[in-house]
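Read through the structure below, which is laid out as structure tokens, and then see the notes.
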Amino acid sequence: MLKVKPISADRLPDLLRLMPKAELHIHIEGSLEPELMFALGQRNSVAMAYPDVESLRSAYVFDNLQDFLDIYHAGTLVLRTEQDFYDMTHAYLARAAADNVVHAEIFFDTQTHTGHGLSTDIVINGLHRACVDARAEFGMSASLILCFLRHLSEDEAFECLEQALPLRDKLVGVGLASSEMGHPPEKFARVFARARELGLRLVGHAGEEGPPAYIWSALDVLKVERIDHGVQALKDPALMARLAKDRIPLTVCPLSNLKLRVFPTLAAHNLGRMLDAGIVATVNSDDPAYFGGYINQNFTQTFAALGLTAQHAYQLAHNSFEASFIDDTLRRQYVDRLTATFESFN
Ligand code: ADE
Ligand code: ZN
């Protein structure tokens, strides 16, 4: 690992912005800003639950994950056409590129949209076209991860996977999202086994609000390769040792954890302790339109609150490339760009 020269706290935000990074935990529906939501609502003649952008935004105060999910699901009602999915994804990719995200692995929920009467191909084709265009327009790579909704049944997840299979080549993997408590990973053992047989990469939300046992079963039953959130792992020293030993990445989302009251303040966040324990942690935005920040705001606010250093910044960006599902040639190119950014920064 590069030994990074010390950088003063006032220069750190510039470095955090400039450094190339991968974003591995972003729900595309959670990137839908109120302005675009209202524009799509008008385009599709969908009645809005709030009179204007400001009143919608002022409703974004949450006590827990479920509180948020209720508003988040309601927000997706404006998405009706392939062009809507394209526009939402294009807007996210443009915003991410401005933060020097050079690679994004994007979560999406087809079940929410099929529940609104849309077909799976409208969703995936719109998202995929935006990812393809981002290569030429922003010089960045992007891929798609279909998330099963864990508050629904495993049979419904199977149906969702079946519907996505004709578009298999447009997906890099599958994940598990939505209401965590009461829906342990093992509920989805068979559908994850099927996805694995199909050669899809596997990730899953675990230990966001739920107990360390959910992280164990995501690893040992679902056989996921990354854990999304995983912040509850610190309650279980044996689990921490396992995550460090097997280099299982955690996609951590500090501003999400703050907004959903997983931690009372950013200063209480355990990201620094994870890094100290040798965990392959990464920083991500989760649902940036709802949680008050894209990836760089997650970096800068968390670094300020926890007193993290330029060495931590290099580690976190390096981890993001190590944890991503890109091929090794591209990984080396991105890591070389990262190292060059740090070596030339002064
Ligand atoms: N879907 C969108 N954001 C989520 C989160 N933070 N946890 C679980 N499911 C989600
Ligand atoms: Zn998430």
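Note that ligands are numbered from 1 as they come in the structure, with each ligand's atoms numbered from 1 the same way.
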Are His103 and Met140 side-chain neighbours, meaning at least one heavy-atom pair lies under 4.5 Å? no
Is Asp327 paired with Arg331 through a side-chain N to carboxylate O contact shorter than 4.0 Å? no
For His229, atoms of ligand 1 separated by under 4.0 Å from a heavy atom: 6 (N)
Salt-bridge contact Glu322-Arg247 (side-chain N to carboxylate O under 4.0 Å): yes
Please determine whether Cys253 has a backbone or side-chain N, O or S atom lying under 2.8 Å from the Zn ion (ligand 2). no
Which residue and atom name correspond to the protein heavy atom nearest atom 6 (N) of ligand 1, and how close is it? Asp286 OD2, 2.7 Å
Ser256 N/O to ligand 1 N/O under 3.5 Å: no
In terms of heavy-atom contacts, does CZ of Arg196 have more than 12 from other residues, nucleotides or ligands at under 6.0 Å? no
SB check Asp67 Arg261 (cutoff 4.0 Å): no
Are the side chains of Phe108 and His27 in contact, using a 4.5 Å heavy-atom criterion? no
Pair Lys259 + Asp287: basic N to acidic O under 4.0 Å: no
Closest non-hydrogen protein atom to atom 3 (N) of ligand 1, residue and atom name please, with distance? Asp287 OD2, 2.7 Å
By atom name, which N, O or S atom belonging to Asp286 lies closest to the Zn ion (ligand 2)? OD1
Is Asp155 paired with Arg190 through a side-chain N to carboxylate O contact shorter than 4.0 Å? yes
Below a 4.0 angstrom heavy-atom separation, can you tell me which part of Phe107, side chain or backbone, both or neither, approaches ligand 1? neither
Is the distance between the Zn ion (ligand 2) and the nearest N/O/S atom of His229 smaller than 2.8 Å? no
Does Leu69 approach ligand 1 within less than 4.0 angstrom via side chain, backbone, both or neither, non-hydrogen atoms only? side chain
Please tell me whether Asn319 and Thr282 have a donor and an acceptor in their side chains that are separated by less than 3.5 angstrom. no
Answer yes when Arg57 and Glu54 have at least one side-chain N-carboxylate O distance shorter than 4.0 Å, and no when they do not. no
Measure from the Zn ion (ligand 2) to every N/O/S atom of His27 and report the name of the nearest one. NE2
At what distance is the nearest protein heavy atom to atom 4 (C) of ligand 1, and which residue and atom is it? His27 NE2, 3.6 Å
Would you mind checking which non-hydrogen protein atom is closest to atom 7 (N) of ligand 1, with the distance to 0.1 Å? Glu208 OE1, 2.7 Å
For ligand 1, the portion of Glu29 having any non-hydrogen atom under 4.0 Å away: neither
Minimum-distance protein heavy atom relative to atom 9 (N) of ligand 1: Ser178 N, 2.8 Å
Near Phe68, which atoms of ligand 1 are under 4.0 Å from a heavy atom of that residue? 2 (C), 3 (N)
If we set the cut-off at 4.0 Å for heavy atoms, which region of Leu65 has an atom near ligand 1: side chain, backbone, both, or neither? side chain
Could you please spell out the steps behind the ring-ring contact (aromatic ring centres under 6.0 Å, His included) verdict for His183 and Tyr214? CA-CA 9 Å; His183 302 285; Tyr214 284 17; 9.2 Å; no
At the Zn ion (ligand 2), what angle lies between atom NE2 of His25 and atom NE2 of His205, rounded to 10 degrees? 100°
